[in-house]
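A short worksheet on the structure shown next.
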Amino acid sequence: MKQVPVQRVPLALALEAVHEQTTVSLGNAAARVDSAPDKKVLEQATSDLLARLAALQDAFHADGRHALLLILQGRDASGKDGVIKSVYGAFNPTGVQVAAFGPPTALELRHDFLWRVHQVVPPRGMIGVFNRSHYEDVLAVRVRQLAPVSVWQARFAQINHFEEMLHANGVVIRKCFLHISQDEQRARLLARLDDPTKNWKFRVEDLNDRARWDDYTEAYREALTRCSTPDAPWFVVPADNKALRNYLVARMLVDTLESLTPSYPAMQEAVRTAARNFT
Ligand code: ADP
């Protein structure tokens, strides 16, 4: 692996996976960490982690035994785009695959809900990220009552089976719920109104979803607890503070990639022999 001089700022902060038995706290207070280090410290620590991520990716790509898939979920303005830009920006774009999921098309609706998702799962050697995902099918679909209860209820098990199958085929899955408070979302949505370069991001549906805050909280709580497994865990990321959010996601990705101990394949003997005669 490429040697990167990493002076890691020693921070005790790390994400903990959601466990099925735990009650996930999704109140406004859980969107913040009062004892978080200040912005400069977090940014320095994150930049060290990003350098490490770039080096790990190089070996991960060459190694080719696994794919990595990060699933990002969160309410509007929770920072999904921000994480992709700030954290995934560290990677060599050649080895990265980004997929975003908006409302399904007419054709997608005629298929099972995982059809469009499976097609864009990263292949081995690649690091992928989903901006929203199949979880919308137990979140937006549930809250906006787009399908009968029996249909979305059955999906928790279907999602677990799907992710289990992917894991068994070399796809390492990590899932982050970017958790913002109601006040922070309000401030960010208002900023979109004030800033002409962000006006286009503002949508009326976002306000309808905001009005259903508690319904979404309940839907997230059930999805997070029922679909967090040892092989495809969910993490709740306190996301009111952007610097902290980026640090926590970057750290989790470094820990994940390091746990896979990616290594460069040795040169095959035939190639070595041929190379000896290379002029
Ligand atoms: P974003 O708001 O994330 O920038 P889009 O406006 O393209 O991106 O699409 C997001 C919207 O699509 C969200 O309101 C989300 O709930 C909705 N969506 C995504 N997947 C589904 C789905 N399977 N069923 C219904 N709505 C969905």
Side-chain angles (χ1 to χ4, degrees), residues 26 69-89 97-121 128-163 166 173 175-180 182 184-193 195-224 226-227 234 237 239 242 245 249:
L26 297 181
L69 172 60
L70 173 67
I71 294 177
L72 291 176
Q73 283 287 159
R75 302 175 199 263
D76 293 307
S78 60
K80 299 183 289 298
D81 290 319
V83 166
I84 294 172
K85 192 172 162 191
S86 312
V87 180
Y88 270 61
Q97 197 175 290
V98 184
F101 296 90
T105 62
L107 175 65
E108 286 166 351
L109 283 171
R110 290 169 61 201
H111 283 277
D112 69 87
F113 76 107
L114 294 169
W115 180 75
R116 66 173 182 164
V117 179
H118 201 172
Q119 295 177 64
V120 288
V121 168
V129 56
F130 283 178
N131 183 342
R132 301 185 190 271
S133 65
H134 43 293
Y135 282 92
E136 291 294 325
D137 293 276
V138 290
L139 295 165
V141 167
R142 167 182 182 162
V143 174
R144 298 180 200 149
Q145 302 182 356
L146 302 176
V149 177
S150 60
V151 168
W152 59 256
Q153 268 292 344
R155 289 179 175 163
F156 296 113
Q158 291 163 3
I159 288 174
N160 285 340
H161 286 141
F162 174 61
E163 294 181 356
L166 292 178
I173 303 172
K175 301 176 292 202
C176 286
F177 170 55
L178 305 183
H179 177 44
I180 50 167
Q182 275 170 296
E184 182 63 21
Q185 190 197 45
R186 184 166 190 279
R188 291 186 192 178
L189 290 177
L190 286 174
R192 287 183 180 179
L193 281 181
D195 181 348
T197 68
K198 290 188 176 166
N199 280 179
W200 64 276
K201 285 190 171 188
F202 201 90
R203 298 177 322 132
V204 175
E205 296 96 280
D206 298 350
L207 298 181
N208 295 337
D209 278 350
R210 181 172 163 78
R212 298 171 180 133
W213 188 275
D214 292 342
D215 292 344
Y216 269 105
T217 302
E218 201 37 52
Y220 268 113
R221 184 172 289 120
E222 189 166 4
L224 266 55
R226 292 189 64 177
C227 299
W234 268 111
V237 182
K242 295 177 184 174
R245 172 202 77 195
V249 175

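Remember, it's 1-based here, ligands and their atoms both numbered in the order they're listed. We use all heavy atoms of the structure for the numbers below, so side chains are in, but hydrogens, waters and symmetry mates are not.
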**Message:** For Q185 and R210, which I'm curious about, is there any donor-acceptor pair between the side chains at under 3.5 Å?
**Reply:** yes

Are there any N/O pairs under 3.5 Å between ligand 1 and the protein, and if so, what are their distances?
from	atom 1	to	atom 2	distance (Å)
ligand 1	3 (O)	R132	NE	2.8
ligand 1	3 (O)	R132	NH2	3.3
ligand 1	6 (O)	R203	NH1	3.3
ligand 1	12 (O)	P103	N	3.2
ligand 1	14 (O)	R144	NH2	2.9
ligand 1	14 (O)	R203	NH2	3.3
ligand 1	16 (O)	E136	OE1	2.8
ligand 1	16 (O)	R144	NH2	2.9
ligand 1	20 (N)	G102	O	3.2
ligand 1	20 (N)	R116	NH2	3.1
ligand 1	23 (N)	R116	NH2	3.3
ligand 1	23 (N)	D137	OD1	3.1
ligand 1	23 (N)	D137	OD2	3.4

**Prompt:** Is the shortest distance from a Lys or Arg side-chain nitrogen in E205 or R144 to a carboxylate oxygen in the other one below 4.0 Å?
**Reply:** no

**Request:** Just jot down the ring pair (Phe, Tyr, Trp, His ring centres under 6.0 Å) partners of F177, sequence neighbours excluded, or say none.
**Result:** H179, Y220

**Straight-line distance of R75 CZ to L189 CG, nearest 0.5 Å** = 11.5 Å

**Request:** Please check if atom NE2 in H161 has more than 12 non-hydrogen atoms from other residues, nucleotides or ligands closer than 6.0 Å.
**Result:** no

**Request:** In plain terms, say whether D76 and R188 are close enough for a salt bridge, that is, a side-chain N and a carboxylate O under 4.0 Å apart.
**Result:** no

